[in-house]
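In the text below, chain A, chain B and the rest are named by the order of the sequence lines, each starting its count at 1.
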Amino acid sequence: MISKGKTDQVTINLDGQDVEVPAGMNLVDAVALHGKEIPHYCYHPQLSVAGNCRMCLIEMGTPMRDRGTGEAILEEDGSPKIGWVPKPVIGCGTNVSPGMHVKTESEMVTGCREGIMEFLLVNHPLDCPICDQAGECRLQEFATDYGRGYSRYKERKNVKPKRTRLGPRVTLDDERCILCSRCIRFSQEVAKDDVLGFVDRGSFSTLTCFPGKELANNYSLNTVDICPVGALTSTDFRFKMRVWFLKETLSICPESSAGCNTLVSSREGEIHRIAPRRNDAVNDSWMTDSGRALYKQVKSDDRLKTPLVDREESTMEDALHSTVNALQGKSVGVVGSCNSTVEEQYLLNRLAKEAKAKKYLRGHFGEDDGILLSADRTPNLRGALITGLASSYPTEHLSSLAQALKKDRLETLIVVGEDLIDSKVDAELLSGVQIIYLGTHENATSNLARVVIPTLTSFEKSGSFVNRGFFLQGFQQAVPGPAGLLPDVSVLARLINELTGEGESSSDIDSIWKDMARSSTSPLKGLSFSDCKKDGIQLDGSKWADLAFVEKKALHYQPNAKPKDG
Amino acid sequence: MTAKNSPKERRIILKHADDPNYSNRLGCYLREGGYEMLSKALKMKPEEIGAEVLKSGVRGRGGAGFPAGMKWKFLDRKSGKPIYLICNADESEPGTFKDRQIMYKDPHQLIEGMMIAAYAIQAKQAFIYIRAEFFEGARILERAIAEAKEKGFCGEKILGSDYSCDLVVHRGAGAYICGEETGLIESLEGKRPNPRIKPPFFPAVLGLYQCPTIVNNVETLCNVKHILEMGGDEFAKIGKPNNTGTRIWCVSGQVKKPGYYEFECGALTLGEMIFDVCGGLLPGRSLKAVIPGGSSAKILRADERFVGKHKDGTDFDWGIEDVPLDFDGPMAAGSMSGSGGIIVMDDTVDIVEAMANINAFYAHESCGQCTPCREGCLWMKKITTRMCDGDAREEDPEMLLSIANQIEGRTICAFGEAAAWPTQSFVTKFRDEFVKKAKHSKRSKNSLQLI
């Protein structure tokens, strides 16, 4: 994902071997392409270069040229003469150029790394046994590679604040801080909330918030992710779990149409944290704090866990049976959801067709922060367009549904996840309508429903979303859902099969994809679920270019040139 | 004032400085022909002035000794961005007090030199970055600038020409690192003075506000005026080839007459400076060591021999008193002339305590940005302080050396070397004293208090 399309390649000499790398690339990244590592702390590919940790010191030389004529100077054997920089240079401050020679394994380089490692550890508290970073700590990793194994430091270590509250979600342990300034640069350059800085000088330098400020922006937890050591910790995750016990699942954040790539960390069926996963075309390495907190919904009190029929606890079988009865031969309306996966929307659309139902869809909108929280607060509005569940751009309120109800034309309503009352549909209009509610959490509509079929959150199922840039991105099930529940696709497939009386509709995700990919007009043509599991696929969204999408210009997102109004 | 056979001072920069009839006011400066060179300069083409400065071979007086004319040539003039001139008046190298004399006693000379330089590089704006501790200096300069502005020597349409350049005094916030040119630029921009990485931030290309910037020392900029007065070729005849002009040496330590002395480069040796110009050591003392160029320079031991070859191939074999005082002499002796701060130490100096003071300074002044300097300086300080506190260990000298070697050449700016060189040279040259410290760990009762 680093270089899109064809970039110019240049040849550099890496530890004696000629290798091809993209022209102008940062040396740290270029070397990584060839399976070698230049250890570093302060360098981050998506932040400006600070060059302060000095861990990435390497030897570098460029072909020498005659000052007068500009011609290359050659060795006796005809090879270009290399002018080695007499001092070690920082890899992160070096961009590759043709013919550059680099040594990453020489004695001088190893000596530099060992020296820097020793310096970084002299005032480090070495409290790994109680440190959250342990297990995913660069300091531990490079200390293993370049550490002395014993300490020559006989003096007293510096003492600094151990638990500074930087903001509502971030706690700082200053003694562990190696002053790499990643968090400062992130706050300035990505979050655009310049609140962090160093005070004092020399080895007593201390990271802190500016007076009267706090690290409270919605991206504050990214500083915890990019902290190469255990200095910045998530107040939520602090001291809760050792990271080596955690299982990591590739997922997509359902918070908004930005579609941040995430890693969901869980242990024994319980989610402990969500962190961003690097995708340079979507979210770089970042995500919102609010998106990380979404896992708390999984175990929230208002979670629906048992099927209800006429408000009585029931079995899944009974609930499905009652649903089919409520659909057959009735005039039906379907309220879909932009929170559903592409697969669910596809099946719901088929169900609507089988039930000859009218389809309704609402959008959820909020403030666009211009970064990774988009104005469209659902992950899959574009999926609804692609699957045909929506034929026009969803509105905030379901006024067309309210009108249809006024004309008394609907007997049964299937509602997926939405709250009709909240969508400006009067509760009085709903009396006499049989509501089938499929959703994860209780709301006013589920309380009115004749049948409630609890469904799964995106952490408990697999599927795919289409983000604001028409990137189709798949996600995997991270944790099991509540006992006895079926995945949403299984529920929908069962209902379709009951209505048609045929057993052809499968709830297997790959079979759904086979069906979806069959349509010659769909952007999903020829695709399969496994295609979108890792990096996502750019779909052709030109068909919907005229729609007035609400998203504003943001990270890796450029709105359509002609929005409806300004 | 000086002894009979001692070399004569040649005062160019400090010509009027100590004249009892001379003040730092504009009238006085004008009486002595002040601002005539600025008027001459404005009638020349800017590049002609640059050419004269290049011809003069004048080397930077701030410490590194880089030819000023070359520095000006590196300036990026194609970018279309405004060009800035900064006078580095942060004089903070321990043992150095020359710029202070110029600014306090002859501020208009600096202003004239700066305006000529500003015109030569076509600067849009000029700054004097003065160290925080020079309260009085800042006041004097501000008054002088106001006087000069009133007479049209700086500011809008200088002396009726089409060239305008404002000059302002910016006071530092009290840190040694502000003297490092990129640190100074950061500080001038209103930030922590963390030096920038080079590449890419060479001031001549990406300096103040990412615009091409020239940073010159006070003494260097004053020289510009005299280069214009004499012509580059004539100026180059002062001193020695590659060591042109005069230098102001600041002598401190246990000599009878410490002070500042301006000599032609290479006109005298270190021995002549100490024993003739400065009247020799205090009675009954003998010379132990000299730091020739500010505390960052490597120490020279009194009984050392400095043997080697000059660039022209001739051999030299010097004792400490034979080291010529210019740029290349101390360099040939393995040290540097740096900022011209000669620190003389006699036999009463406890070398480990001197080391402890120097280390305390660098540990306090390290900006803390990059790892080797930040951690290494404090570590060295902790060791030398402990050694002086009566807990010296046999392995300490080796430890110090090892730490210094881990700093040198691995830092963002030259502070790393500035902090490593004293330790490297002290420990290598006075290892016996460091070892002795471990055996007799008690401090003598009349020792001075350490920093």
Side-chain angles (χ1 to χ4, degrees), chain A residues 41-43 48-58 60 85-90 92-95 97 108-109 111-124 148 151-158 177-181 184 188 194 197-207, chain B residues 173-178 191-201 360-387 389 391 393 395-396 398-400 402-417 419:
Chain A
Y41 294 104
C42 69
Y43 173 70
S48 64
V49 172
N52 61 34
C53 75
R54 315 308 281 181
M55 191 64 191
C56 67
L57 288 168
I58 43 106
M60 191 271 285
V85 182
K87 292 203 271 185
V89 300
I90 45 172
C92 72
T94 307
N95 291 329
S97 62
M108 188 213 268
V109 171
C112 286
R113 291 174 187 171
E114 288 173 354
I116 301 297
M117 248 349 280
E118 179 171 38
F119 282 143
L120 285 174
L121 292 179
V122 291
N123 280 304
H124 189 82
R148 198 175 279 277
S151 178
R152 298 195 293 170
Y153 190 71
K154 303 283 188 284
E155 323 307 319
R156 280 177 174 239
K157 289 189 186 237
N158 293 347
C177 177
I178 58 164
L179 306 165
C180 74
S181 80
I184 298 176
Q188 290 170 341
D194 192 1
F198 292 128
V199 291
D200 291 338
R201 54 195 189 186
S203 190
F204 301 106
S205 297
T206 304
L207 178 69
Chain B
Y176 174 73
I177 199 63
C178 291
K191 299 182 247 171
R192 262 175 89 90
N194 285 358
R196 297 173 175 174
I197 49 172
K198 291 151 275 188
F201 300 108
F361 175 78
Y362 287 107
H364 182 250
E365 295 296 345
S366 168
C367 77
Q369 186 185 197
C370 69
T371 311
C373 168
R374 175 181 73 228
E375 301 299 341
C377 290
L378 185 65
W379 191 355
M380 294 196 300
K381 182 221 162 176
K382 283 178 178 173
I383 292 177
T384 43
T385 307
R386 172 171 54 71
M387 289 179 81
D389 284 348
D391 188 17
R393 294 169 196 174
E395 67 273 19
D396 285 339
E398 278 318 308
M399 196 65 227
L400 283 168
S402 165
I403 297 168
N405 292 342
Q406 278 180 197
I407 302 173
E408 188 193 10
R410 299 174 187 184
T411 51
I412 290 176
C413 74
F415 189 110
E417 282 75 29

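Interface remark: B/T411 contributes backbone atoms only to the contact with chain A (heavy atom separation under 4.5 Å). Heavy-atom distances place both the backbone and the side chain of A/I116 under 4.5 Å from chain B. Both the backbone and the side chain of B/I412 come within contact range of chain A, judged by heavy atoms closer than 4.5 Å. With a threshold of 4.5 angstrom between heavy atoms, A/V85 does not approach chain B through any atom at all. Using a 4.5 Å cut-off between heavy atoms, A/F204 contacts chain B through its side chain alone, with no backbone atom that close. B/I403 touches chain A through backbone and side chain together, each having a heavy atom under 4.5 Å away. B/R410 touches chain A through backbone and side chain together, each having a heavy atom under 4.5 Å away. In this structure, the portion of A/S205 lying under 4.5 Å from any heavy atom of chain B is its side chain and not its backbone. Heavy atoms closer than 4.5 Å to chain A are found nowhere in B/R196, neither backbone nor side chain.
Between the side chain of A/S203 and the backbone N or O of B/E375 there is no donor-acceptor pair closer than 3.5 Å. Under a 3.5 Å cut-off, the side chain of A/R201 and the backbone N or O of B/E365 do not form any donor-acceptor pair.
A salt bridge links A/K87 with B/E417; the closest basic N to acidic carboxylate O contact falls under 4.0 Å.
In this structure, CZ in A/R152 is found 10.0 Å from CD in B/E398, a value given to the nearest 0.5 Å. Taking CE from A/M117 and OG1 from B/T371, the interatomic distance works out to 10.0 Å, rounded to the nearest 0.5 Å. The distance from the SG atom of A/C53 to the CD atom of B/Q369 is 11.0 Å, given to the nearest 0.5 Å. With rounding to the nearest 0.5 angstrom, the NZ atom of B/K382 is 2.5 Å from the OH atom of A/Y153. The distance from atom CG of B/L378 to atom CD of A/E155, rounded to the nearest 0.5 Å, is 9.5 Å.
When the candidates B/R386, B/E408, B/R192 are compared by the number of heavy-atom contacts under 4.5 Å with chain A, B/R192 comes out ahead. Of all the listed residues (B/C377, B/S366, B/P372), the one sharing the greatest number of non-hydrogen pairs under 4.5 Å with chain A is B/P372. For the set A/N158, A/N95, A/V49, the entry with the most heavy-atom pairs within less than 4.5 Å of chain B is A/N158. Highest contact tally toward chain B, considering only A/G93, A/P86, A/A50, A/S181, is held by A/A50 [criterion: heavy-atom pairs under 4.5 Å].
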Query - Test log, rule side chain to side chain contact (heavy atoms under 4.5 Å, CB included), inputs B/M399 and A/K154 - result: CA-CA 11 Å; B/M399 196 65 227; A/K154 303 283 188 284; over 6 Å; no
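For the salt bridge (charged side-chain N to carboxylate O under 4.0 Å, His left out) test, residues two or more places apart in sequence or in another chain that qualify with B/K198 are B/E180.
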